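Scroll down for the structure; my scribbles are underneath it.
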Amino acid sequence: MTDSGKEKNRKRLLMCRPSFYSVDYVINPWMKGNIGKVDRAKAKDQWNRLHEIIASRAEVELIKPADGLPDMVFTANAGLVMGGDVVLAHFAHSERSPEEPFFRKWFEANRFTVHTVPDNLFFEGAGDALFDSDGRKLWVAYGDRTSLEIHPWLAALFNVEVVSLRLTDRRFYHLDTCFFPLPGGYLLYYPDAFDSRSVRQIERFVPAPKRITIDGADASAFSANGVALDRTVIMHACSEELRAKLSSAGFETVVTDLSEFMKAGGSAKCLTLRLDEPVPATSSARSEVSSRKIVAEGQLLDAGRMSGICDAIVMGGGSFRVRRMRIGQSRQAPSTAEIEVTAPDVSILDSLIEKIVRLGARLPAGETTDAKLEHVVKDGVAPDNFYSSTIYKTEVRVNGGWVEVSGQRMDSVVVVADGEAHCELLRNIKAGEMVVTGSDGVRLVRETARAEHGEGFGFMQSGISSERRVELSIGRIAWEMNHIKN
Ligand code: ARG
């Protein structure tokens, strides 16, 4: 740390002059239609004004801008600082990865200890990772930019509790576009940018009187992308309603036009990086993120099964890494893939594993256990977590050996008796029978070369998960139309 950084309570931020700022490519929906449309003189004025407002309340450090790196002004993405340590960003888009060495050099020159994220994982710094005001909790997003797999790694490195939040609206591609922790434990956020589990997480950790929610209009005006310096909140725009909410929470708002930066999908917060995030006195590493390996075998590519499995994982709120893949050399030859599935918590992981077992994946040989059996307690009522069958030939593991399920049919219960297994309609199961639950010890035998989904699933084309409401989709379409019109 520099000497000035040692001063107690002196806020310190990093900014980068917009000398080379422009919109040269499209990596988020805001940039669409804005290539070459930045008025650089105006951008400079807006940036200077923001700099002036911040510099009157905090210390501002500057990094020299680099020609050819138009997004380098958005220093929030340089990395994540805690005490004298920084985790350097590793950008998801190749357009921004050339910024990394410049930020590294600056951090090193300013005596930070620079940490690099593990191979093949992405992390977009304080754009996607935000500390609570007490510094003990770190909210980290995943979705378009930052990998879910990095979350437990960050928890361990910084010895903090990480709460994982999933971004589901492409317009709010970074956490800091829709989520703004304020001093005093307050949180300003746009709930519709998250999946329902994430909203529940927010509500679990932030008490109702401290939650300040904003609507689509405020969110689209980047009101969640503010800079908070004590009781002053600096932002591009603020509705009267939001101003009133902030004021009753004890915050004064300072509005400053940053329209030129919105063309690249950024605003006040994106243009700054906090360099003085303190190391909390007490905290401990915690993350609910969990992973498990599965194996997929057979006609993975030509039957579209691989993309079916990957889709199911991502749509279900998880993430995957293909650890090893052997591709069959001819149409008939089977392929094998070892896939690491990661989910924000164990229960989501279990449900993902169950889904993909139904798509033909299985647990690695060493990890296979017998199928878990549970008693039926009442005629026609299956245990909560019963395995619901598919149309594909299935085997279950009983007493250490695989047995074929007879009478294969869809959406039924697998009953195991005397070392044999068969499918049974739910209404026909009887109290006392043993049925398969979960997906351990279950595998599908599928060697058909036809497309597995009928509908020809593409990988993550919709960007809208099944739990999103129709009105949200309409809101987004309206936004697109407006954006095009403007
Ligand atoms: N054009 C930049 C990008 O898409 C904008 C980054 C905004 N930064 C932020 N922290 N939200 O990466």
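Computed from a prediction, not measured in an experiment: that's the story for all the values here. Indexing begins at 1, ligand by ligand and atom by atom, following the structure's order.
- Residues Arg274 and Ala228 come closest through the heavy atom pair NH1-O, 3.3 Å.
- Protein heavy atom nearest atom 9 (C) of ligand 1, with residue, atom name and distance: Cys270 SG, 2.9 Å.
- In terms of N/O distances under 3.5 Å, ligand 1 is approached by Ala264.
- Heavy-atom contacts of Gly127 reach the following atoms of ligand 1: 10 (N) (cutoff under 4.0 Å).
- Residues Asn225 and His236 have side chains that never bring a donor and an acceptor to within less than 3.5 angstrom of each other.
- Counting non-hydrogen atoms of other residues, nucleotides and ligands closer than 6.0 Å to CZ of Arg40 gives a total above 12.
- Relative orientation of the Phe158 and Phe131 rings is tilted, given thresholds of 30° and 60° on the angle between their planes.
- Residues Ser239 and Asp218 bring a donor and an acceptor atom of their side chains to less than 3.5 Å of each other.
- Protein heavy atom in closest approach to atom 2 (C) of ligand 1: Asp71 OD2, 3.4 Å.
- For the residue pair Ser291/Glu149, the side-chain donor-acceptor check at 3.5 Å is not satisfied.
- Near Ile27, meaning under 4.0 Å from any of its heavy atoms, are these atoms of ligand 1: 3 (C), 4 (O), 12 (O).
- Between Thr177 and ligand 1, no N or O atom pair is found at a separation short of 3.5 Å.
- Heavy-atom neighbours of Lys245 NZ from other residues, nucleotides or ligands within 6.0 Å: above the threshold of 12.
- Distances from ligand 1 to the non-hydrogen atoms of Trp30 include no value under 4.0 Å.
- Which parts of ligand 1 touch Ala76 is read off a 4.0 Å heavy-atom cut-off, strictly below it: atoms 10 (N).
- By the 4.0 Å heavy-atom criterion, Arg145 is counted among the residues contacting ligand 1.
- At under 3.5 Å, not a single nitrogen or oxygen of Glu124, backbone or side chain, sits near a nitrogen or oxygen of ligand 1.
- Shortest contact from atom 10 (N) of ligand 1 to any protein heavy atom: Asp176 OD2, 2.7 Å.
- In this structure, the ring of Phe172 has its center no less than 6.0 angstrom from the ring center of Phe179.
- Residue Met31 approaches ligand 1 through these ligand atoms, each under 4.0 Å from one of its heavy atoms: 1 (N).
- Among protein heavy atoms, the minimum distance from atom 8 (N) of ligand 1 is reached at Asn77 OD1, 2.9 Å.
- Ring geometry, His51 versus Trp47: the interplanar angle falls under 30°, so the pair is classed parallel (tilted spans 30 to 60°).
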